[in-house]
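Report on one structure; see the data block that follows.
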Amino acid sequence: MSEPFTEQYKGFSIGVQALRRAKEPDEAPSAPRHFDIVVMISRNASGERGKSEMFGVPEHEPLDDQIAAHKIGLQYARDIIDGKVEGSSVDKL
């Protein structure tokens, strides 16, 4: 399992976890792979653990590495916080 990647953005803490899917039988060993990416967003609270919400990142093209997957997850979380993702909100945090 990968280490969660975290960052602070506009008063929220963002955690990103990217899990590489298994290689398909007909794929070359060095072929780009799909990742399942999940982001957890919580409001920063002074000294307290705030409520958090988890969001799955929509399907994407195969990627060369986990760093690219983390970047996609981070941008998706920022878009949720900025209100750019329809049906996903951090208003209740």
Salt bridge (Lys or Arg N to Asp or Glu O under 4.0 Å) partners for D82, two or more places apart: K10

Are [X] and [Y] close enough that some pair of their side-chain heavy atoms sits under 4.5 Å apart?
X: R43; Y: K51; value: no
X: Q17; Y: H70; value: no
X: I14; Y: T6; value: no
X: F12; Y: V90; value: yes
X: I72; Y: L63; value: yes
X: L74; Y: V39; value: no

Salt bridge (charged side-chain N to carboxylate O under 4.0 Å, His left out) contacts touching residues 84-93 (sequence neighbours left out): none

All heavy atoms of S13 vs all of Q8, minimum pair found to be OG-NE2, 3.5 Å

Correct closest heavy-atom pair for P32 and D64 would be CG-OD1, 3.3 Å

If you measure from CD1 on I81 to OG on S88, what distance do you get to the nearest 0.5 Å? 11.5 Å

Results of side chain to side chain donor-acceptor pair (under 3.5 Å) for E7 - residues two or more places apart only: R78

Side chain to side chain donor-acceptor pair (under 3.5 Å) involving S52 - partner list, sequence neighbours excluded: none

Any sub-3.5 Å donor-acceptor pair from Q66's side-chain atoms to R20's backbone N or O? no

Connected via hydrophobic side-chain network under 4.5 Å: L93 and V85: yes

Trace of the side chain to side chain contact (heavy atoms under 4.5 Å, CB included) decision for V38 with D36: CA-CA 7 Å; V38 177; D36 291 317; 5.8 Å; no

Under 3.5 Å, sequence neighbours excluded: what are the donor-acceptor pairs made by side chains of residues 53-61?
unit_1, atom_1, unit_2, atom_2, d
E59, OE1, R21, NH2, 2.9
E59, OE2, R21, NH1, 3.4
E59, OE2, H34, ND1, 3.1
H60, NE2, F35, O, 2.8

Can you list everything that forms a side-chain contact (heavy atoms from CB on, under 4.5 Å) with K71? Sequence neighbours excluded, please. I67

